[in-house]
Asks: 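I am attaching a structure below and will ask some questions about it afterwards.
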Amino acid sequence: MAKWSVRHGASLRKRYQAVLEQKRDTYVCSVCGKKAVRRISTGIWQCKHCGATFAGGAFTPSTEAGKAVERIISRLAEGAAAQAAEAK
Ligand SMILES: [Zn+2]
């Protein structure tokens with residue numbers, strides 16, 4: 001399967017820059033409400049405040065595609081949540 005490339009012209013590169021900006025942002029946690037959710041891995045987001053882990057888009061926490069990803073890694077997310085509960 002052909003992968004999306006960033007080398008397809010200026011407009012796409014500009015868009016990629018915008019995506020990189022999004023990656024650095026923090027997002028509001030749907031569990032604790034703090035703006036502390038950061039991307040920890042591709043499609044995986046974690047709240048630095050309460051430790052909640054979310055499956056989402058590669059560059060933003062919530063996308064339509066993210067819902068499919070969420071199903072795939074739900075077990076992983078559950079494992080992280082269990083670890084967070086143990087740590088309390
Ligand atoms: Zn939180």
Side-chain angles (χ1 to χ4, degrees):
M1 194 169 117
K3 282 228 166 190
W4 181 74
S5 170
V6 296
R7 298 182 186 190
H8 275 287
S11 62
L12 220 88
R13 195 171 312 200
K14 196 172 169 185
R15 211 180 138 191
Y16 186 67
Q17 286 293 325
V19 163
L20 287 179
E21 294 296 319
Q22 286 184 311
K23 266 171 74 172
R24 288 195 216 99
D25 276 353
T26 53
Y27 293 86
V28 174
C29 176
S30 60
V31 176
C32 70
K34 298 275 183 183
K35 195 183 179 194
V37 176
R38 302 211 63 175
R39 179 181 173 277
I40 59 169
S41 185
T42 302
I44 303 174
W45 300 75
Q46 187 166 55
C47 175
K48 297 297 177 189
H49 182 75
C50 70
T53 307
F54 305 95
F59 301 111
T60 58
S62 183
T63 66
E64 288 303 310
K67 286 169 188 170
V69 175
E70 191 168 355
R71 279 198 297 272
I72 294 164
I73 70 163
S74 61
R75 264 189 293 174
L76 188 135
E78 279 165 22
Q83 281 185 339
E86 279 174 32
K88 273 174 190 169

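The figures that follow rest on heavy atoms only: side chains count, while hydrogens, waters and symmetry mates do not. Order of listing sets the numbers, starting from 1, for every ligand and every atom in it. The chain is numbered in sequence order, starting from 1.
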Asks: Quick check: closest heavy atoms across Ile44 and Thr53, and the distance to 0.1 Å?
Replies: CG2-CG2, 3.6 Å
Asks: Which pair of non-hydrogen atoms, one from Ile40 and one from Gln46, has the smallest distance, and what is that distance?
Replies: CG2-CB, 3.7 Å
Asks: Which protein N, O or S atoms lie under 2.8 Å from the Zn ion (ligand 1)?
Replies: Cys29 SG, Cys32 SG, Cys47 SG, Cys50 SG
Asks: Applying side-chain contact (heavy atoms from CB on, under 4.5 Å), can you list everything that pairs with Val31, at least two apart in sequence or on another chain?
Replies: Cys29, Cys50, Ala52, Phe54
Asks: Can you name the nearest heavy-atom pair linking Val28 to Gly33, along with the distance?
Replies: CG1-O, 3.6 Å
